[in-house]
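Encoded as structure tokens, the structure appears first; notes follow it.
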Amino acid sequence: MTGARVLLVEDDPAIARSIIFALERDGLTVTHCLLLSDARQQLKAQAPDVLVLDVGLPDGSGLDLCRELRSGALTSEGSLPVLMLSAHGEEIDRVLGLELGADDYVTKPFSPRELLARVRGMLRRTRMAAPSSRARPATPFDMDIEGQRVSLHGKALNLTRREFGLLADLLTHRGRIRSRDDLLGSVWGADSDSTDRTVDTHIKTLRAKLLAASPGHDYIVTHRGMGYAMET
């Protein structure tokens, strides 16, 4: 992973210095931007291997940049791994960031070693997936993240907020196994008291609704002892 490029968008100089020191000491190359406007220029010029993005910035919200990135407005690398940073720690920030396409979320204050571990994990997953990456067929799902609406083969699905979050996560990581811990952190948040059983229960109700909309096709695959994956 030595030489992998990280784009850091963070306006707090002290936090940025600690992150840059930890990442560069591990052999990563870091480009630092203070503003969203600078980050947009960097992304259009050359996509990094990982984007570390603060939510609260002087010229706007990092959530808006994440939305633009996933829409393909900034780079053709729509699957670019995104790690969000936030000082708030509120569930709405975490959930919204993840539903907009962020891959992971860290709440300030955090240790640079923790952030480095998260970045390493993102790079590892990206590189493991790269050899088998091929053009994927169009998904039968039509998802409106902002409006919290989704349809399957043109049929609107009536999902709860948690079911929608699970579906969004599984579709974002389509073809990859998501552990129960991954799904808990993504949909319920790191501070939640929910358990593996909670994930299983919601997966069961989500699966039933998908089967009702598309009989005979079970899109959610259970990998015993590992987790769940979306196959479309």
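Note that the structure is a prediction, hence the values are computed from the model and not measured. The analysis underlying the following values was restricted to heavy atoms, covering all of them including side chains, and did not include hydrogens, waters or symmetry mates.
- The closest side-chain donor-acceptor pair between Ser186 and Arg178, if any, does not fall under 3.5 angstrom.
- When all heavy atoms of Cys33 and Gln42 are compared, the pair lying nearest together is SG-CG, 3.7 Å.
- Contact annotation: the side chain of Val30 never approaches that of Val52 to less than 4.5 Å [non-hydrogen atoms, C-beta and beyond].
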Next item on the list: Evaluate the side chain to side chain contact (heavy atoms under 4.5 Å, CB included) criterion for residues Thr201 and Arg197: first the C-alpha distance (whole Å), next the side-chain angles of each, then the deciding distance (0.1 Å), finally the verdict.
Entry: CA-CA 6 Å; Thr201 299; Arg197 180 61 180 164; 3.9 Å; yes
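- Closest approach of Leu36 and Gly62 over heavy atoms only: CD2-CA, 4.2 Å.
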Next item on the list: Check the pair Cys66, Leu63 against side chain to side chain contact (heavy atoms under 4.5 Å, CB included), reporting the backbone distance first and the verdict last.
Entry: CA-CA 5 Å; Cys66 187; Leu63 297 173; 5.5 Å; no
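- To the nearest 0.5 Å, atom CZ of residue Arg149 and atom OG of residue Ser151 are 10.0 Å apart.
- Formation of a donor-acceptor pair under 3.5 Å by the Ser214 side chain with backbone atoms of Leu210 is not found in this model.
- Remark: side-chain polar atoms of Thr222 are not paired, donor with acceptor, to backbone N or O of Arg224 under 3.5 angstrom.
- Salt-bridge check for Lys108 with Asp54: passed, with a basic side-chain N closer than 4.0 Å to an acidic carboxylate O.
- At most 12 non-hydrogen atoms from other residues, nucleotides or ligands lie less than 6.0 angstrom from CZ of Phe21.
- Rounded to the nearest 0.5 Å, atoms CG (Leu116) and CZ (Arg118) are 12.0 Å apart.
- Cluster annotation: Val150 is connected to Ile220 through the hydrophobic network of ILVMFWY side chains, with a link wherever side-chain heavy atoms come within less than 4.5 Å.
- Salt bridge annotation for Arg40-Glu68: present, with a cationic side-chain nitrogen under 4.0 angstrom from a carboxylate oxygen.
- The hydrophobic clustering, which links ILVMFWY residues whose side-chain heavy atoms are closer than 4.5 Å, places Leu211 and Leu167 apart.
- Pro81 is not listed as a side-chain neighbour of Leu51, based on a closest heavy-atom distance of 4.5 Å or more.
- Contact of the Val50 side chain with the Leu123 side chain is registered, since non-hydrogen atoms from C-beta on lie closer than 4.5 Å.
- Classification of the His153-Tyr219 ring pair by plane angle, with boundaries at 30° and 60°, yields tilted.
- Side-chain contact between Met230 and Thr172: absent, with no pair of heavy atoms (C-beta onward) separated by less than 4.5 Å.
- When all heavy atoms of Leu7 and Ala39 are compared, the pair lying nearest together is CD2-O, 4.2 Å.
- Of all heavy-atom pairs between Arg176 and Ala229, the closest is O-CB, 3.4 Å.
- In summary, the side chains of Thr205 and Glu163 do present a donor paired with an acceptor at a separation below 3.5 Å, with no hydrogens or angles considered.
- Using a 4.5 Å cut-off on side-chain heavy atoms (C-beta onward), Leu183 and Asp169 make contact.
- Rounded to the nearest 0.5 angstrom, Leu8 CG and Leu23 CG are separated by 7.5 Å.
- Partner of Pro48 under the side-chain contact (heavy atoms from CB on, under 4.5 Å) criterion, chosen from Val6, Thr31, Leu80: Leu80.
- Contact annotation: the side chain of Val119 approaches that of Leu115 to within less than 4.5 Å [non-hydrogen atoms, C-beta and beyond].
- Shown here for Val55 and Tyr105, the closest heavy-atom pair between the two residues is CG2-OH, 3.5 Å.
- A donor-acceptor pair under 3.5 Å is formed between the side chain of Asp12 and the backbone N or O of Ala14.
- A continuous path of Ile, Leu, Val, Met, Phe, Trp and Tyr side chains, each step under 4.5 Å between heavy atoms, connects Leu28 with Phe110, placing both in one hydrophobic cluster.
- No side-chain donor-acceptor contact under 3.5 Å links Asp11 to the backbone of Leu34.
- Within the 3.5 Å criterion, the main-chain N or O of Arg5 finds a donor-acceptor partner in the side chain of Asp49.
- Residue Met226 holds its CE atom at 3.5 Å from CD1 of Ile177, rounded to the nearest 0.5 Å.
- In this structure, a donor-acceptor pair under 3.5 Å is absent between the side chains of Asp182 and Tyr228.
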Next item on the list: Test Arg180 against Thr195 for side chain to side chain donor-acceptor pair (under 3.5 Å), laying out the working first.
Entry: CA-CA 8 Å; Arg180 290 170 176 81; Thr195 65; over 6 Å; no
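- The existence of a salt bridge linking Asp103 and Arg70 is confirmed by a sub-4.0 Å separation between a basic side-chain nitrogen and an acidic carboxylate oxygen.
- Contact check for Leu159 versus Leu166: no side-chain heavy atoms found under the 4.5 Å cut-off.
- No side-chain heavy atom of Phe164 sits under 4.5 Å from any side-chain heavy atom of Leu157.
- To the nearest 0.5 Å, atom CG of residue Asp142 and atom CG of residue Leu152 are 10.5 Å apart.
- Linking Ile, Leu, Val, Met, Phe, Trp and Tyr whenever their side-chain heavy atoms come within less than 4.5 Å leaves Ile203 and Val221 in two separate clusters.
- A donor-acceptor pair under 3.5 Å links the side-chain atoms of His32 to the main chain of Glu10, judged by distance alone.
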